[in-house]
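Notes for the one structure printed next.
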Amino acid sequence: NAKPKPRYRRVDGVKVITHYESYPWEEGTREEIHRGKPHLIYGNPWVAAYTFSDPIMQNIDSQERAA
């Protein structure tokens with residue numbers, strides 16, 4: 001998601017790159033230059049990290065019956 005993706009606009013019938021955008025995992029918003037065009041970087045607020053406890057070593061169907 002952090003790779004710069006070009007954004008286009010038509011100028012006189014020709015597609016022209018106006019700027020680049022990316023959505024990395026890091027938090028925060030900033031602007032840089034990429035290939036001579038503005039590169040808008042928006043931190044992705046929808047990324048979450050999860051941790052899991054010990055796995056339950058049994059068939060999922062038998063676990064539902066026990067609950």
Subject >> For E26, all residues meeting salt bridge (Lys or Arg N to Asp or Glu O under 4.0 Å), sequence neighbours excluded >> reply: none

Original post:
Which pair of heavy atoms, one from I17 and one from Y8, lies closest together, and at what distance?
Top reply: CG1-CE2, 3.3 Å

Subject >> Matching residue for E21 among R7, K37, K5 - test: salt bridge (Lys or Arg N to Asp or Glu O under 4.0 Å) >> reply: R7

Subject >> Euclidean distance, L40 CG relative to R30 CZ, rounded to 0.5 Å >> reply: 11.0 Å

**OP:** Hey, could you give me each pair passing salt bridge (charged side-chain N to carboxylate O under 4.0 Å, His left out) that has a residue in residues 8-19? Not counting sequence neighbours.
**Re:** none

Original post:
Could you state the interatomic distance from OH (Y23) to OG1 (T29), rounded to the nearest 0.5 Å?
Top reply: 9.5 Å

Original post:
Which heavy-atom pair separates S22 from K3 by the least distance, and what is that distance?
Top reply: CB-O, 3.8 Å

**OP:** Enter the distance from Y20:OH to E32:CD here, rounded to the nearest 0.5 Å.
**Re:** 13.5 Å

Subject >> E31 atom CD: more than 12 heavy-atom contacts under 6.0 Å >> reply: yes

